[in-house]
Amino acid sequence: MEKVKLDVERCKGCYLCIENCKVGAISLSSYTNGKGVVTVQVDQDKCVQCGSCYTMCPDLVFEIL
């Protein structure tokens with residue numbers, strides 16, 4: 001079941017989400033968005049829906065479900 005939804009086209013590559021994910025559920029993906037940024041991905045099995053990615057992201061990439 002999906003716990004977090006991503007709008008990776010909004011990602012600008014600051015990677016604050018990766019730095020602040022305490023369970024290591026966020027990592028770089030192999031996808032490059034329209035801005036030329038290598039985006040992130042969420043391991044839905046590791047995610048605990050704490051919301052730190054949502055809070056830290058200045059570009060509203062994350063939606064906690």
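Because the structure is predicted, anything quoted here is derived from the model rather than measured. Reckoned from all heavy atoms, side chains included, excluding hydrogens, waters and symmetry mates.
- The two residues Glu9 and Lys35 make their nearest non-hydrogen contact at O-CE, 3.4 Å.
- Annotation for Lys46 and Ala25: closest pair CB-CB, 3.8 Å, computed over non-hydrogen atoms.
- Scored by the side-chain contact (heavy atoms from CB on, under 4.5 Å) test, Glu2 finds Lys5, Gln44, Leu65 as partners (sequence neighbours excluded).
- Note that the SG atom of Cys14 and the CD atom of Glu19 stand 8.0 Å from one another [nearest 0.5 Å].
- Connectivity analysis of hydrophobic side chains (ILVMFWY, heavy atoms under 4.5 Å, direct or indirect) links Leu60 to nothing; its cluster partners are none.
- Clustering of Ile, Leu, Val, Met, Phe, Trp and Tyr side chains at separations under 4.5 Å places Val61 together with Val4, Leu6, Val8, Tyr15, Ile18, Ile26, Leu28, Tyr31, Val37, Val38, Val40, Val42, Tyr54, Phe62, Ile64.
- Looking at Asn20, its side chain never comes within 3.5 Å of a backbone N or O of Met56 through a donor-acceptor pair.
- To the nearest 0.5 Å, the span separating NZ on Lys22 from SG on Cys53 amounts to 11.5 Å.
- Taking the side chain to side chain donor-acceptor pair (under 3.5 Å) definition, one finds that Gln41 meets it with Ser27, sequence neighbours left out.
- Closest non-hydrogen pair, Gln49 versus Lys3, comes out as NE2-O, 3.4 Å.
- By the side chain to side chain donor-acceptor pair (under 3.5 Å) test, Thr32 pairs with no residue at all, sequence neighbours left out.
- Applying the side chain to side chain donor-acceptor pair (under 3.5 Å) rule to Thr39 yields the partners Ser29; only residues at least two apart in sequence or on another chain are considered.
- Residue Val48 is found in a hydrophobic cluster whose other members, listed by chain and number, are Val23; membership requires side-chain heavy atoms under 4.5 Å apart, directly or through intermediates.
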